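Shown next, in structure tokens, is the structure this report addresses.
Worth saying up front: this structure is predicted, and the values here are computed from it rather than measured. For ligands, and for the atoms within them, numbers begin at 1 and follow the listed sequence. In what follows, residues are counted from 1 in the order of the sequence shown.
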Amino acid sequence: MLFARVAEVSKGVAATAARSRKTALLAELFRAADPADVPVVIPYLAGRLPQGRIGVGWHALKDPVAPAAAPTLAVRDVHAALTALAAVAGAGAQAERRRLVQELLGAATADEQRFLIGLLSGEVRQGALDALAAEGLAQATGAPAADVRRAVMLAGELTPVARALLERGPDALADFRLTVGRPVQPMLAHSAATVGEGLDKLGPCAVEEKLDGIRVQVHRDADDVRVHTRTLDDITDRLPEVTAAAREMAGDRFILDGEVIALDAAGRPRSFQEIAGRVGSRLDVAAAAAELPLSPVFFDVLSVDDRDLLDLPLRERHAALARLVPEPMRVRRLVVDGPADEAARRAADDFFAATLARGHEGVVLKGLDAPYSAGRRGASWLKVKPVHTLDLVVLAAEWGHGRRTGKLSNLHLGARRADGTYAMLGKTFKGMTDVLLAWQTERLRELALSDDGSVVTVRPELVVEIAYDGLQRSTRYPAGVALRFARVVRYREDKRPQDADTVETVLAQYGARNGGDGSEGSEGSDGSESPDSSDSTDSTDSTDSTDDSLKA
Ligand SMILES: Nc1ncnc2c1ncn2[C@@H]1O[C@H](COP(=O)(O)OP(=O)(O)OP(=O)(O)O)[C@@H](O)[C@H]1O
């Protein structure tokens, strides 16, 4: 397929507000596409590069190149060129990348150049493109849209489903069933400000401990046990305790969802960093396990004896879990059947307080009648933590002063908008260790799009977890609110920008805490963002965030 066609459809989809028109444009494109091109075409339309990072900064894009007169570039030519770009490394890499970019732009028409530059600079962003593309695929192939969505949920991503559907038609959807041995994307949670708010939103629910460890999905098929992370990496070999525990259980074909943590001698949870260090280490697993034994704790079951339990209400999945998993390995929970009842609300608050007192992170409230929404931030799981955090995208960073000279320090933080762009919510240089500063400087330089000597704008790719004390009204920031006392908790390399928190989430929290009247805080002060010459105090913080890629 010609790349020009993709550029044209991208423009058409962005230009219309009507969902049906967007879907129709995509369906038309899919009908004409070679199925082998689809794994590249869909990310391009969404504004993602299948190669992930290709290290092309603004410098490589800013020189004008004479466009080609007529379109000749095929999608696979562009893919090959970007793959070659991503592979450039070592001395002279910048110059070589520039040369390759110019070569590619020289083969593109003016329209194609615009699309390519938008793609490389991160400016092409089509919010919800994957959902639209799933509908477009249903339309193009005659498969029921609900079946396509379920297949995507089970495959964990759209592209394999798209390719199979276009190659073999609706029958191909049967390949994407929940299967022991094939990991699925885990269900995720939204946030609630308080337990009370969560109870009001969910109705009858379970209040469970929220454990700060590594998310694991455990598949057992007779003697074969596999353990996967939240990002579906296979970490079986590193977790002998988990495979041993799964082999002890009452069934021999099942899929469990849970968290691994480590407990100290007094039974209190050890830090996330220690757990991530243990799980991240491939060296001498037996010695590591003797030093820091891990405890799996399960909170859900997705399949038993080849029966798919995803659509069952949580209360039934919990009954199945209780039959399979012995009590010490099940998460502690309190069932709240009548959340309007005063005594029940007090009990839920007490459970939250007791969970924190035992050293855990918070609680997760889960609707008892809700199914398991794999790969979704389902509305029926709400986490409540005493420290409020948001996962935000780094939009830019400022060069530091004083002992941070030469380091990219003050981060500009953005929340996601529905259209795929970002609204800046504030800045922070707090909570950064020297290790983290060095790491972020290097990463952000790779993502740089422009540098005016003070502020470096970057491709919006890095997700960072930010703790904050509250939100205040602001006319300075585009969403109308700004973070108060924001500080970096850790980078979330396991998250993509499309997994970051949305402006709606942030505004909902603002409304929840302020009774909706937006009266908190004084206008103009966004916390702490004075020039960061005084920030040397931050560097005594010894938390090392570099091992957080396993955070699950
Ligand atoms: N009882 C529980 N039920 C569900 N998830 C739990 C539970 N205990 C701990 N967790 C962890 O909490 C996460 C749910 O929160 P969320 O979906 O927002 O992921 P997250 O962004 O990694 O959250 P956080 O950064 O707050 O841990 C799960 O991915 C899991 O790792």
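- The option from Phe299, Phe298, Phe272 that lies nearest to atom 2 (C) of ligand 1, judged by heavy atoms, is Phe299.
- For the pair Glu208 and ligand 1, the shortest N or O to N or O distance falls below 3.5 Å.
- Here's the thing with Met187: none of its N/O atoms is less than 3.5 angstrom from an N/O atom of ligand 1.
- Under the 4.0 angstrom criterion for non-hydrogen atoms, Lys366 is in contact with ligand 1.
- Taking the centre and axis of the six-membered ring of Phe272, the NZ or CZ atom of Arg490 falls inside the cone set by 45° and 6.0 Å.
- Heavy-atom proximity to Lys383, at under 4.0 Å, picks out these atoms of ligand 1: 15 (O), 16 (P), 18 (O), 20 (P), 21 (O), 23 (O), 24 (P), 26 (O).
- Glu197 and Thr194 form no side-chain donor-acceptor contact under 3.5 Å, judged by distance and modelled atom types alone.
- Arg150 and Asp311 are joined by a salt bridge, as a carboxylate oxygen and a charged side-chain nitrogen come within less than 4.0 angstrom of each other.
- Each of the atoms 21 (O) of ligand 1 lies under 4.0 Å from some heavy atom of Asp391.
- Arg459 and Glu446 are not joined by a salt bridge, as no carboxylate oxygen comes within less than 4.0 angstrom of a charged side-chain nitrogen.
- Contact check on Arg215 versus Glu259 returns no salt bridge, with no Lys/Arg side-chain nitrogen under 4.0 Å from an Asp/Glu carboxylate oxygen.
- Residues passing the salt bridge (Lys or Arg N to Asp or Glu O under 4.0 Å) test with Arg226 are Asp224, Asp234, sequence neighbours excluded.
- Within ligand 1, counting atoms from 1 as listed, the ones closer than 4.0 Å to a heavy atom of Glu259 are 9 (C), 10 (N), 11 (C), 30 (C), 31 (O).
- Taking a cutoff of 4.0 Å between a charged side-chain nitrogen and a carboxylate oxygen, Arg315 and Asp369 qualify as a salt bridge.
- Inclusion of Leu188 in the set of residues having an N or O under 3.5 Å from an N or O of ligand 1 is not warranted.
- Taking only nitrogen or oxygen atoms, main chain and side chain alike, Trp381 does not reach within less than 3.5 Å of ligand 1.
- Heavy-atom separations between Lys495 and ligand 1 include at least one value shorter than 4.0 Å.
- Separating the OG atom in Ser303 from the CZ atom in Arg182 is a distance of 12.0 Å, to the nearest 0.5 Å.
- For the ligand labelled ligand 1, residue Thr389 lies outside the 4.0 Å heavy-atom shell.
- Among Glu361, Lys210, Arg333, the residue whose heavy atom sits closest to atom 27 (O) of ligand 1 is Lys210.
- Residues satisfying the ring pair (Phe, Tyr, Trp, His ring centres under 6.0 Å) test with His228, not counting sequence neighbours, are His219.
- Counting the atoms of ligand 1 from 1 in the order shown, those under 4.0 Å from a heavy atom of Arg230 are 19 (O), 20 (P), 21 (O), 22 (O), 29 (O).
- Annotation for ligand 1: atoms under 4.0 Å from non-hydrogen atoms of Ala189 are 15 (O), 16 (P), 17 (O), 18 (O).
- Salt-bridge check for Asp221 with Arg253: passed, with a basic side-chain N closer than 4.0 Å to an acidic carboxylate O.
- Listed by atom number, the atoms of ligand 1 under 4.0 Å from Glu209 heavy atoms are 1 (N), 2 (C), 7 (C), 8 (N).
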